[in-house]
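Written below as structure tokens is the structure these notes are about.
Atoms considered below: every heavy atom in the structure, side chains included; atoms not considered: hydrogens, waters and symmetry mates. Numbers restart at 1 for each chain; the letters A, B, ... are given by sequence-line order, proteins then strands. The structure presented is a predicted model; accordingly, all values stated were derived computationally and were not measured.
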2 protein chains.
Amino acid sequence: MTKAERTRHFIVEKAAPIINRKGMAGTSINDIVEATSLTKGSVYGNFESKDEICLEAFDYLVKRVGADMSQAMSRGTTSREKLDALFSYYISNVTGENNYGCPIMNFGTEADDTNPAVKVKVNKAIVNTQSVFAKIIRAGIESGEFKKTVDADAFAIKAFAMIEGGMWIARLQGSPKQLLLIIDVLKQEINDYCQ
Amino acid sequence: MTKAERTRHFIVEKAAPIINRKGMAGTSINDIVEATSLTKGSVYGNFESKDEICLEAFDYLVKRVGADMSQAMSRGTTSREKLDALFSYYISNVTGENNYGCPIMNFGTEADDTNPAVKVKVNKAIVNTQSVFAKIIRAGIESGEFKKTVDADAFAIKAFAMIEGGMWIARLQGSPKQLLLIIDVLKQEINDYCQ
DNA sequence: ACTAAAATATACCGATCGGTATAAAATAAA
DNA sequence: TTTATTTTATACCGATCGGTATATTTTAGT
């Protein structure tokens, strides 16, 4: 890893949480300069534009969320336990201190009408996340844990929308109350899936 | 209504869809000047700051959405029909041409970490919208249309999260497919509420 | 240690940002 | 219609925006 590669990564690491919090338009190069204690020349020596930083910041955040989700899932053995672990991760993601919301939600809402490149990345992240849910359900069906009649894709779409909506509300209200209710509903539904 | 009041309203009317689409940070005063064909001096003769315009724009958008929801609901007689009409409104909101997403979602996501005043307004809008759902359910229970065991508040929270999540996904994907699935799930659930 | 190459810092660019002082024009009360 | 008041347009403010040319420093291969 060359110096430049390390610096690039360092800049992304510092910039990502700021962009996730303040938005792409709301974050200035100066914000990034201050956060990294570098200079503008140094930042632009490693990146071509602010847009490139935003794109890599989104990739970085999504990768980190994905890693956290995998780690959470690995704590469960059965499909149901894996789903429970995922739910717990989402809840901790809202109740934890240094968290600024789901990057897929934050970048997606801003990029929707303004940044096609980011929009494409967000769409891929949505599909990936939903397929994580669907794969767990399918594994549970194959192992005999869940009924064969369960629609894995439909559950994934529904659960993802509910959780994203619930996290968004929880962050805005400064309370996990509604997210907890939504997670309870999902757990009850998974309970009904069991045979 | 004085000239100033009319102009204020005119500015908000023109600025609101732009801010809803590009975000508060992403919209410049010049954008508003161009959209209104007024001058900067005229805009600042009627508003103290860009922030004030954003706040009024949000109020305007929420009021309009509320009116559209009321109009949709009035097309139904039973509680179930009213809910169906609401769902249809949300779907048309996504499939329609000149639409740029739910203002509660757009303003909420941006304001969450950057604009406390807007955040307060967004929270009130969330509570109001959820109470619309809850009230319909409660009316249905009182009229004997729905079972007494139905939890109106829980349904409102769940349905709102699902719909907001579903609309967000639909706009990002450029397809109402997942929202339609989510609405179907809700309709099925309401069907189960009937006795 | 020497040196070519890579990375960083300084200083600056024009454009645009939100906002304002002031003059010109339009409104509204008399 | 006159006149005081309100509203609008012009021209400008300093600050900050994203971005760059260039000089200086640091890195890394020999």
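Non-hydrogen atoms lying under 4.0 Å from DNA chain C are contributed by nothing in residues 112-122 of chain A. Listed in residue order, the members of residues 42-52 of chain A having a heavy atom less than 4.0 Å from DNA chain D are A/Tyr44, A/Ser49, A/Lys50.
The CG atom of B/Leu86 lies 5.5 Å from the CE atom of B/Met73; values are rounded to the nearest 0.5 Å.
For B/Lys135, the NZ atom sits in a loose shell: 12 or fewer heavy atoms of surrounding residues, nucleotides or ligands are nearer than 6.0 Å. Within a 6.0 Å radius of CD in A/Glu48, other residues, nucleotides and ligands contribute 12 heavy atoms or fewer.
Neither side chain, B/Glu145 nor B/Gln195, offers a donor N or O lying under 3.5 Å from an acceptor on the other. For the 3.5 Å distance criterion, the side chains of B/Asn191 and B/Arg80 qualify, holding a donor opposite an acceptor. Side-chain polar atoms of A/Glu56 and A/Tyr60 form no donor-acceptor pair below 3.5 angstrom.
Going from atom CD1 of B/Ile19 over to atom P of C/dG18 covers 11 Å, rounded to whole Å. The separation between A/Met24 atom CE and D/dC17 atom P is 17 Å, rounded to whole Å. Computed from coordinates, the B/Ile11 CD1 to D/dA9 C1' distance equals 13 Å when rounded to whole Å. The distance between atom CD of B/Glu5 and atom C1' of C/dA28, rounded to the nearest whole Å, is 14 Å. If you measure from atom CG of A/Asn30 to atom P of D/dC17, you get 6 Å, rounded to the nearest angstrom. Following rounding to the nearest Å, B/Phe10 (CZ) and D/dT7 (P) show an atom-to-atom distance of 16 Å. Atom pair A/Ile29:CD1 and C/dT10:P shows a separation of 18 Å (rounding to whole Å applied). Residue A/Arg8 contributes atom CZ, which lies 15 Å from atom C1' of C/dA6 at whole-angstrom precision.
A donor-acceptor pair under 3.5 Å is formed between the side chain of B/Glu110 and the backbone N or O of B/Ala25.
With salt bridges taken as basic N to acidic carboxylate O contacts below 4.0 Å, none links B/Asp113 and A/Lys22. The existence of a salt bridge linking B/Glu81 and B/Arg75 is excluded, since no basic side-chain nitrogen approaches an acidic carboxylate oxygen closer than 4.0 Å. Under a 4.0 Å N-O distance rule, the pair B/Asp153/B/Arg138 qualifies as a salt bridge. Ion pair B/Glu142/B/Lys148 not flagged as a salt bridge, since none of the NZ, NE, NH1 or NH2 atoms sits closer than 4.0 Å to an Asp/Glu carboxylate oxygen.
Within the 4.0 angstrom heavy-atom criterion, only backbone atoms of the sugar-phosphate kind lie near A/Arg6; the bases stay farther away. Among the atoms of the strands shown, only primed sugar atoms or phosphate atoms (P, OP1, OP2) are found under 4.0 Å from some heavy atom of B/Thr27.
Dashed line: the shortest gap from a side-chain N or O of B/Thr7 to OP1 or OP2 of D/dT8 is under 4.0 Å. Taking 4.0 angstrom as the limit, A/Lys40 places none of its side-chain polar atoms (N or O) nearer than this to OP1 or OP2 of C/dA11. Between A/Thr39 and C/dT10 there is no side-chain N or O to OP1 or OP2 distance below 4.0 Å.
Inter-axis angle, ends of the helix from C/dA1-D/dT30 to C/dA30-D/dT1, five pairs per end, rounded to 10 degrees: 30°.
Counting heavy atoms from C-beta on, the side chains of B/Trp168 and A/Ile126 come closer than 4.5 Å.
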